[in-house]
Amino acid sequence: MGVWRWLISFFILSSSLFALEKVSLQLKWHHQFQFAGYYAALEKGFYREEGLDVELKDRDLAQNNVEQVLQGKSHYGIADSVLFLYQARKEPIMIIAPIFQHSPNVLLTLKSSGIDSPYKLIGKRVAFYPNDADGLPILAMMHETGVLKKGFKRVNADFDFKEFINKKVDAHHGYITNEPYALLQKGVETNIINPQHFGVDLYGDIFFTSQNEFQKHPARVAAMKRATIRGWEYALSHQEEIIQLIKTKYAPEKTLDQLRYEAKGIESVISASTIPIGTLDYGRLEYTQNLLSRHGLINAKISLDKCIYKDAINNQLDLTPQERAWLKEHPIIRTAIDTSWAPFEYLDEKGSYQGLAADYLTLISQKLGVRFEPHTKGVWNDAVKLMEQHQLDMYPCAVKTPQREMYATFTHPYLNFRMVILTDENVGYLNGMNDLKNKTVAVARGYISEEILKRNYPSIKRVLVSTVAEGLDAVATGKAFAFIDNTAAISYAIKKEGYSNLKISGEIPYNSELSIGIRNDWPIFAGIMEKALLSITPEEREAIYNRHIHIEYTQQMSWERILKVVAPLGFIVALLLYYTRKLRTINRALHTAIDSLHTTQEELKILSTTDPLTALSNRYWLDETLKQAIQNASRYERALSVIIIDLDFFKGVNDTYGHHTGDAVLKAVATIFRQNCRSSDTVGRWGGEEFLIICPETDVSEAAILAEKLRTTLESKTIFDSYVQTASFGVCAYTKDDTPETLIIHADEALYASKSAGRNCVSVS
């Protein structure tokens, strides 16, 4: 009997010792896939593993869900960028992590109404949220477009959309992930007015708590964040399982098709394939703050350091227990460096590792507690071979190529520079690679420039050099007509070596996008390095950049270089006597040359990517953008659509009014397209009177909506006198077997269908 009594006492004591902490999480809305990550964290035991017993509270629309957290009625909550308004009012809000990188908040109008932009809402009836805890992106859009100032009639929303369907309100708030589908199921077609299309791109759902919770329970806040992000990662990779769970346990009134539609939309606004879940960008916070301040929505500076949660562990890095354990087991990371590629990485006179990449590694080393050990023996090609064999662990600074991806995993690019053509100063402007035909071009062995020429321009004769300095010397001495590398490396070398007779004469259609590459049998470390890069603040990045790129131009001229230029030995004494005066002259020339170089680079960038008449992207830039968009869509299994547009009967404009008027029409049409497309879209002139729009992260139905919006907007504009220009539109979505050529062919087929249907319409392939 005594043993049993002891066992009972033991279990009672154990249960009290290991009791889970009870916490509550206030949802932003009713149960749906919008909160899939929280359901997954609860049902899969992620909260329990962190010692938490979490209650998920359904939304009471009569209550302000932000105030519920501030008043202590719930420990945690979910809201959108309205949290910045509370912080500006000095409310004790602590933002833990943005879950949605983009807000799904939109306004809906009936297709039949013709209201397809916020500008048409002036004086109209808009069903809006009943309190200020919702809908900030819509409110900001109204400010941004001037509609709020001119006025609209704000009415309370009925949430079942009956007033909207019966045309008693002109526009209704909604989520792009929900209401368009639900209304379409009822036979109601809608226009979608998305704030992102009008320059307002704010965070969507944000996980937050109160300052009181953070101050009293910092470990619990960290645990909630870890488990929540695990939940979202699980939910996105097991969507059908979580959909069935929501249908069975949380929202039985929803159909499976409705939940699947919502899941697809939520996945898009989270953008987890390109940005780790919970990533918070300080530059974007500044953008949000400035936007809200500009429109009078906030009138006080927000102290981002005090109201944004930062993890105490690993210098603000939210590392998992597995990641921390891995770092302890691998305290030294052997890096494959280029010993002579300034300003990116090089060895100084003392043999110390220096450069942009070295400074980034110093910061990351402090955050992770590991030591990066550079391999300083041999040349770049030797380091590459050791990386291929996994005898070295990481590239601190390298371009991702198909060959390197066979043995390494790459982070997102953290440095990006244009590839340019260096020539003698007497060479005129070079309009790309065609002007290098039958020329001898120097490239550094093993660099991306060599691979570009070898793969895409085999007819160009290559001269291989070991370093950038050797490439400059090859051009200066006439061994090569040109040298190709990125702007930073070439500019640095010109200044350091003192060449005054060389210049950048053109660009090639490639960028030097530099990433960190990790041996592909270390996937956990690849994730750690991605987090480390994202944790580096804009101020830290700018300081590194300024240390190496914005260098002073008062460096001493190389006497070796001067002696090469001033060949006759008798002038050496005279040169020494007039050294000071000559040095001033040279420095002035250098300043002038560098200023000219910067101006030329900007001009080259504009010339190489922009159509001179319409100021839209030109055919070359559209080709390159479409190739990259298809690569991204294929790799990350993302949606992609294109819209091809042909102006109706445009030949008659030139024949009747002359080409000058035709050019004016093209400019006016280009302005309309540019103003009514999203910032993420690439709008360009395909040729003649044809235009092309590349729409990433956009399915065919969304692209068709955009095309119809452009069609009706164009049709409503008077270009000159009483002349109205219309256009025919062809819309096509990317499929996994498409190439840029086949995608355009299918879009052309849709365009032909529009022309066959009488023009001034939209057809979908």
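Ring geometry for F673 against F691 counts as perpendicular: the plane angle is over 60°, on a 0 to 90° scale with 30° as the lower cut. Taking the six-membered ring where tryptophan is involved, the planes of Y39 and H31 are tilted, since the angle between them lies from 30° to 60°. Between Y723 and F720, the two ring planes are parallel [angle under 30°; tilted spans 30° to 60°].
Between Y175 and V106, the closest heavy-atom pair is C-CG2, 4.2 Å. Contact detail for R711 and C761: the closest heavy-atom pair is CD-CA, 3.6 Å. Contact record, I193 with P118: CG2-CD, 3.6 Å, taken as the closest heavy-atom pair. The nearest pair of heavy atoms linking L108 to P180 is CD2-CG, 4.0 Å. Residues N191 and K111 come closest through the heavy atom pair OD1-CD, 3.4 Å. Across all non-hydrogen atoms, the minimal contact from D611 to N618 is N-CB, 3.6 Å.
Under the 3.5 Å distance criterion, the side-chain polar atoms of K28 are left unmatched by any main-chain donor or acceptor of I78. Q725 contributes no side-chain N or O that, together with a main-chain N or O of V669, makes up a donor-acceptor pair within less than 3.5 Å. Judged by distance alone, with hydrogens and angles left aside, the side-chain atoms of E690 form no donor-acceptor pair with the main-chain N or O of R685 at under 3.5 Å. With hydrogens and angles ignored, the 3.5 Å screen pairs no side-chain donor or acceptor of K124 with any backbone N or O of F152. Judged purely by atom type and a 3.5 angstrom limit, S268 has no side-chain atom pairing as donor or acceptor with the backbone of K264. In this structure, N166 contributes its side chain and K162 its backbone to a donor-acceptor pair below 3.5 Å. Remark: side-chain polar atoms of S634 are not paired, donor with acceptor, to backbone N or O of I630 under 3.5 angstrom. With R260 contributing its side chain and T255 its backbone, the two residues share no donor-acceptor pair below 3.5 Å. S113 places a side-chain N or O within 3.5 Å of a backbone atom of I115 that can act as its donor or acceptor partner. A distance-only check finds no donor-acceptor pair linking the side chain of T742 to the backbone of D738 [under 3.5 Å].
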_Assess the residue pair K247 and K254 against the criterion (side-chain contact (heavy atoms from CB on, under 4.5 Å)); give the C-alpha distance rounded to whole Å, side-chain angles, the decisive distance to 0.1 Å, and a yes or no._
CA-CA 7 Å; K247 171 68 176 172; K254 287 186 174 288; 5.5 Å; no
*Candidate pair V69 and Y76, rule side-chain contact (heavy atoms from CB on, under 4.5 Å), full reasoning*: CA-CA 6 Å; V69 176; Y76 298 87; 6.0 Å; no
*So D201 and H102, side-chain contact (heavy atoms from CB on, under 4.5 Å) or not? Walk me through it.*
CA-CA 6 Å; D201 186 10; H102 310 284; 3.0 Å; yes
_Could you go through I270 and I277, starting from their C-alpha distance and side-chain angles, then the distance that decides it, and tell me whether this counts as side-chain contact (heavy atoms from CB on, under 4.5 Å)?_
CA-CA 7 Å; I270 289 178; I277 297 172; 4.1 Å; yes
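T610 has its side chain out of reach of L616: every pair of non-hydrogen atoms, C-beta onward, lies at least 4.5 Å apart. Using a 4.5 Å cut-off on side-chain heavy atoms (C-beta onward), S763 and L751 make no contact. Side-chain contact between K167 and S112: present, with at least one pair of heavy atoms (C-beta onward) separated by less than 4.5 Å. The side-chain heavy atoms of F84 and I93, taken from C-beta on, include no pair separated by under 4.5 Å. Using a 4.5 Å cut-off on side-chain heavy atoms (C-beta onward), F35 and Y250 make no contact. A 4.5 Å side-chain heavy-atom check between I643 and L692 finds every atom pair outside the cut-off. No side-chain heavy atom of V764 sits less than 4.5 Å from a side-chain heavy atom of C732. Looking only at side-chain heavy atoms (C-beta outward), Q239 and E267 come within less than 4.5 Å of each other.
Taken to the nearest 0.5 Å, the CD atom of Q631 stands 10.0 Å off from the CG atom of L626. In this structure, NZ on K120 lies 11.5 Å from CD1 on I122, to the nearest 0.5 angstrom. L706 contributes atom CG, which lies 6.0 Å from atom CZ of R678 (distance to the nearest 0.5 angstrom). In this structure, the separation between CD1 on I99 and CD on Q34 is 11.5 Å, given to the nearest 0.5 Å. If you take NE2 on H30 and CG on L27, they are separated by 10.5 Å, rounding to the nearest 0.5 Å. The CD atom of E240 sits 11.5 Å away from the CG atom of L245 when rounded to the nearest 0.5 Å.
In summary, the side chains of S728 and S754 do not present any donor paired with an acceptor at a separation below 3.5 Å, with no hydrogens or angles considered. Judged by distance alone, the side chains of N632 and Q628 do bring a donor and an acceptor atom under 3.5 Å apart. Judged by distance alone, the side chains of E715 and N760 do bring a donor and an acceptor atom under 3.5 Å apart. Between the side chains of Y181 and E179, no donor-acceptor pair is found at a separation under 3.5 Å. Side-chain atoms of H173 and N105 include no donor-acceptor pair closer than 3.5 Å. Using modelled atom types, one finds a donor on one side chain and an acceptor on the other under 3.5 Å when comparing Y234 with E241. Under 3.5 Å, the side chains of S701 and D699 contain a donor-acceptor pair of N or O atoms. Donor-acceptor pairing under 3.5 Å is recorded for the side chains of K57 and S74. Side-chain atoms of E67 and Q63 include no donor-acceptor pair closer than 3.5 Å. Side chains of S103 and D80: a donor-acceptor N/O pair is absent below 3.5 angstrom, by distance only.
Scanning for side chain to side chain contact (heavy atoms under 4.5 Å, CB included) contacts around T713 gives D116, I672, N676, K709, K717, with sequence neighbours left out. Residues passing the side chain to side chain contact (heavy atoms under 4.5 Å, CB included) test with T625 are W621, T682, I694, sequence neighbours excluded.
More than 12 heavy atoms of other residues, nucleotides or ligands shown are found within 6.0 angstrom of CD on E253.
Between F100 and Y203, the ring center distance fails the sub-6.0 Å criterion.
A salt bridge is defined here as a Lys NZ or Arg NE, NH1 or NH2 lying under 4.0 Å from an Asp or Glu carboxylate O, and R619 with D623 meets this definition.
For the pair R759 and F649, the cation-pi test (distance below 6.0 Å, angle within 45°) is passed.
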